[in-house]
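Note that these values count all heavy atoms, side chains included, but never hydrogens, waters or copies made by symmetry.
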Amino acid sequence: ASAPSAMPPRLTAATTTTGTRSQMIEQVFLSLDEKTRDGCLDKNELRILAQHTGFEGDDATWEDEYLQLCDEVGADPRRGVTLPLFQRLVDDDSER
């Protein structure tokens, strides 16, 4: 059997129900937090998702984007994004 893909599943309202979507978001969060298991997604952990969803910038650009994301949801960038804050980020359908 092959190893599961590291890429998180694409989350869309069209393919999931509310309960299932919430569970999927939590699974993606836990998958991204697998190395540290500290309940927060730091800059490096969150970048994995960003790259799978179209981010192509360099380290400096990601640093700026990460700080902006943390500011938008009220996360401490030194600690990272918690599951409830991650849920807000994922559910935000505004254009960036």
Side-chain angles (χ1 to χ4, degrees):
S2 64
S5 171
M7 184 169 21
R10 184 166 180 83
L11 304 176
T12 63
T15 59
T16 63
T17 64
T18 303
T20 302
R21 178 179 171 79
S22 178
Q23 292 169 348
M24 288 178 65
I25 292 170
E26 183 175 358
Q27 287 300 331
V28 170
F29 179 89
L30 294 172
S31 175
L32 293 169
D33 192 37
E34 192 170 320
K35 271 189 176 176
T36 60
R37 294 183 183 201
D38 62 356
C40 292
L41 299 181
D42 65 23
K43 177 175 61 174
N44 298 321
E45 292 165 330
L46 204 52
R47 186 171 183 175
I48 295 167
L49 179 66
Q51 289 173 318
H52 285 297
T53 57
F55 178 78
E56 297 178 349
D58 61 13
D59 290 345
T61 303
W62 173 244
E63 177 78 22
D64 291 342
E65 182 71 15
Y66 175 74
L67 292 173
Q68 181 180 349
L69 287 170
C70 287
D71 186 56
E72 287 175 12
V73 297
D76 177 350
R78 294 165 299 190
R79 183 166 147 79
V81 176
T82 61
L83 177 57
L85 297 179
F86 180 71
Q87 183 112 27
R88 284 179 41 201
L89 282 173
V90 172
D91 285 339
D92 181 4
D93 61 2
S94 64
E95 290 296 318
R96 300 185 133 295

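Contact of the Phe29 side chain with the Val90 side chain is not registered, since no non-hydrogen atoms from C-beta on lie closer than 4.5 Å. No side-chain heavy atom of Leu69 sits less than 4.5 Å from a side-chain heavy atom of Val81. Looking at Leu46 and Trp62, their side chains come closer than 4.5 Å, going by heavy atoms from C-beta outward.
Interatomic distance, OG1 of Thr82 versus CG of Asp33, reported as 10.5 Å (0.5 Å rounding). Rounding to the nearest 0.5 Å places CD of Glu26 at 12.0 Å from OG of Ser31. Rounding to the nearest 0.5 Å places CZ of Arg78 at 12.0 Å from SG of Cys40. Atom CG of residue Asp38 and atom CD of residue Glu45 lie 6.0 Å apart, to the nearest 0.5 angstrom. Here Arg79 contributes atom CZ and Leu85 contributes atom CG; the two are 9.5 Å apart, rounded to the nearest 0.5 Å. To the nearest 0.5 Å, atoms CD (Glu72) and CG (Asp92) are separated by 7.0 Å.
What you find for Gly80 and Ala75 is that their closest heavy atoms are O-CB, 3.6 Å.
The salt bridge (Lys or Arg N to Asp or Glu O under 4.0 Å) test applied to Asp91 returns Arg21, not counting sequence neighbours. For Gln87, there are no side-chain hydrogen bond (donor to acceptor under 3.5 Å, both in side chains) partners two or more places apart in sequence or in a different chain.
A donor and an acceptor atom, one from each side chain of Gln27 and Gln23, are nowhere located under 3.5 Å apart. A donor and an acceptor atom, one from each side chain of Thr61 and Asp64, are nowhere located under 3.5 Å apart.
Applying the ring-ring contact (aromatic ring centres under 6.0 Å, His included) rule to pairs touching residues 64-84 yields nothing, sequence neighbours excluded.
Between Arg47 and Asp59 there is a salt bridge, with a side-chain nitrogen of the basic residue lying less than 4.0 Å from a carboxylate oxygen of the acidic one.
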